[in-house]
Asker: 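There's a structure below that I have some questions on.
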Protein chains: 2
Amino acid sequence: MTAAEPLTPPRSSPYSPTQLRTIAAAVDLFTTHGVSGTSLQMIADAVGVTKASIYYQFKTKDEIVLAVAEADLTQLEDAVEAAEAETDPAAARDVLLVRLVDLAVEHRHMVGIIQNDPVMVRLLEDHQPFQLLMARLYRVLVGDDPGVDGRVPAAMLSAAISGAASHPLVSDLDDDALRANLLGIARRFLHVPG
Amino acid sequence: MTAAEPLTPPRSSPYSPTQLRTIAAAVDLFTTHGVSGTSLQMIADAVGVTKASIYYQFKTKDEIVLAVAEADLTQLEDAVEAAEAETDPAAARDVLLVRLVDLAVEHRHMVGIIQNDPVMVRLLEDHQPFQLLMARLYRVLVGDDPGVDGRVPAAMLSAAISGAASHPLVSDLDDDALRANLLGIARRFLHVPG
DNA sequence: GTCTATACGCGGATAGAC
DNA sequence: GTCTATCCGCGTATAGAC
């Protein structure tokens, strides 16, 4: 359950407390308005400082976007590492499933936008660490079968988890109920014989 | 298969050919850059006219966004109507499934953004016709059971279809293959005993 | 580390000629 | 129906005082 800490032990975040407040505010605003629709003025107002002060912490807006993306990436990496620690492929897949559901529910208000915002997508397309991480994730999910019969269900499953977490049909469910239901159905889906 | 035409028979589109070209260009740009990230200048350049000319066709940028949304809405409405024409609930659900898969694949390059762009989401939240349409759609999908056991799978299924269509794992599949696979798996998912 | 002030371009939007 | 020209505000970003 407790994932072994990666290479860097209790790695102190590379960001100062003030930067972390800025990142938190940015995530919030990106979720509501999208990246392009969020100005540095809005972020500055949310943090309670001026634009110039934000520019002292981050040289450009892109750096803020990158910081937001990397925060999520770290969590995703932990999930993949935990899954890869399992020797049995089925067990690995189940660990990944649990972690992905946890993450999706924990971030249910932002998953949709963060994963689909064009600016984020563009940024991550050119970001090798992310691409490598996703390749590892898919490998656990799909197994070594690169065929269509493995990839389509995997795509649907991963889309179902993140998409359902922010779906209006279930917006009234509390986190625990949503998590339990998502996980149960996802598991059933995985175990249905092809 | 051929859906009976709605109230207005061969309803001529409310948009002029030039407006339609503008809408097409806008969809394209929205897909790549998001709504906020798309300027009227970009749209004008894509159409090959000046900004002022775009403003002759649409009074505001919001009107363009609305026109884009409504184009999709019409197709979705056709799908729901076709499904509602079935008397047996299971048959209705299957018709809806087929239509939704068709739409998702047909628009696989834009589904993700159009459904998740913050500006679109905001716009549609305040757009009663859309809300009513979605209520009808969910009713066909979930049935009359408003319980959790019906809604969570429905949310996952609808997210799986639209999300998988634009998923990187299946980006190499051609439309026909993707459509067939999505539909097959979606059907199996629906028929798995709760 | 945060401020005020400012530069400069691009955003949406309009007026009026052709 | 499309153009040129223009308005104005806000966007990112920087300089320099405190």
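In the text below, chain A, chain B and the rest are named by the order of the sequence lines, each starting its count at 1. Remember, predicted model here, so these are calculated numbers, not experimental data.
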Asker: Find out whether S158(B) and H167(A) are in side-chain contact, i.e. whether some heavy atom of one side chain is under 4.5 Å from a heavy atom of the other.
Answerer: yes
Asker: Would you tell me if any nitrogen or oxygen in the side chain of T50(A) comes within less than 4.0 Å of OP1 or OP2 on dC3(C)?
Answerer: yes
Asker: Look at Q57(A) and dT2(C) and indicate whether a side-chain polar atom (N or O) is within less than 4.0 Å of OP1 or OP2.
Answerer: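 True: Q57(A) side-chain N/O within range (under 4.0 Å) of dT2(C) OP1/OP2.
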Asker: Can you give one letter per nucleotide of nucleotides 12-18 of chain D, 5' to 3': B if a protein heavy atom sits under 4.0 Å from the base, S if only from the sugar-phosphate, - if neither?
Answerer: BBBB---
Asker: Between atom CZ in F58(A) and atom C1' in dG1(C), what is the gap in whole Å?
Answerer: 14 Å
Asker: Round to a whole Å and report the spacing from CG of D45(A) to P of dG11(D).
Answerer: 10 Å
Asker: Would you say that R151(A) contacts D172(B) through its side chain, given a criterion of any heavy-atom pair below 4.5 Å between the two side chains?
Answerer: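 SC-SC contact between R151(A) and D172(B) confirmed.
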Asker: Do D78(B) and R99(B) meet the salt-bridge criterion of a basic N to acidic O distance under 4.0 Å?
Answerer: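 A salt bridge is absent here (no side-chain N lies under 4.0 Å from a carboxylate O).
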Asker: Is it true that atom CZ of R139(A) has more than 12 heavy atoms of other residues, nucleotides or ligands lying nearer than 6.0 Å?
Answerer: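 At most 12 heavy atoms, drawn from other residues, nucleotides or ligands, come within 6.0 Å of this atom.
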Asker: Taking the side chain from Q131(A) and the backbone from Q128(A), do they hold a donor-acceptor pair closer than 3.5 Å?
Answerer: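 No, Q131(A) side chain to Q128(A) backbone: no donor-acceptor pair under 3.5 Å.
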Asker: Who pairs with R179(B) by side-chain hydrogen bond (donor to acceptor under 3.5 Å, both in side chains), at least two apart in sequence or on another chain?
Answerer: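 Checked R179(B) against side-chain hydrogen bond (donor to acceptor under 3.5 Å, both in side chains); matches are D176(B).
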Asker: Does the side chain of Y56(B) get closer than 4.0 angstrom to OP1 or OP2 of dG1(D) through an N or O atom?
Answerer: yes
